A.B. asks: 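The structure under discussion is supplied below as C-alpha cells; questions concerning it will follow.
Everything quoted here is computed from the prediction, not taken from an experiment.
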Amino acid sequence: MESATDAAPSRDAIVNLLTLKLVGIAVFAVVVNWSAMMISGPLGLFRIGLFALGNIVVCWLVVDAVFAALDQLLESKLHERE
C-alpha cells in the first residue's frame, strides 16, 4: 500500500513549481543585471564581468530547474505505470 510520501507529484504541481522557480530566477537576473549596471561605469571591465558571471549563473539555474522538472515528470510517469 502506498503512503502519501511515496506518491509522485501531479503534472500540475510540477508545472506550478517550475513556473515559480523560473519567476524567481527572472527576478534574480533583473537584480544582478541592474546591480551590474549601477555599480560601475558604462564600459567598465568590472561591469562586463558582472554581467557575464550573473548571466552564466542565471543560465545554469534555468537549466537546472528545467531538468529537475523533467526528472519529476518522468518519475511521475514511471510511478503511474507501476
Side-chain angles (χ1 to χ4, degrees):
M1 185 169 200
E2 287 183 6
S3 66
T5 57
D6 291 340
S10 69
R11 180 180 179 272
D12 291 337
I14 295 169
V15 170
N16 288 339
L17 182 61
L18 177 62
T19 303
L20 288 175
K21 284 182 181 179
L22 291 178
V23 167
I25 292 169
V27 169
F28 174 73
V30 167
V31 169
V32 167
N33 287 325
W34 181 81
S35 298
M37 186 174 61
M38 290 295 143
I39 286 176
S40 60
L43 294 175
L45 190 58
F46 186 64
R47 179 180 182 181
I48 293 169
L50 276 178
F51 272 119
L53 182 62
N55 288 319
I56 288 171
V57 170
V58 167
C59 288
W60 177 260
L61 291 172
V62 168
V63 168
D64 183 56
V66 168
F67 277 102
L70 287 173
D71 184 45
Q72 287 180 338
L73 285 170
L74 287 172
E75 277 185 29
S76 173
K77 285 289 186 187
L78 289 173
H79 199 275
E80 285 177 5
R81 291 188 176 208
E82 289 180 352

A.B. asks: State yes or no: do V31 and I25 share one hydrophobic cluster built from I, L, V, M, F, W and Y residues joined by side-chain heavy-atom distances below 4.5 Å, directly or via other members?
C.D. replies: no
A.B. asks: Hey, can you pull the donor-acceptor pairs under 3.5 Å for the side chains in residues 54-76, sequence neighbours left out?
C.D. replies:
from	atom 1	to	atom 2	distance (Å)
N55	OD1	N33	ND2	3.4
N55	ND2	F51	O	3.0

A.B. asks: I need the full list of side chain to side chain donor-acceptor pair (under 3.5 Å) pairs touching residues 15-32, with sequence neighbours left out, sorted by first then second residue.
C.D. replies: none
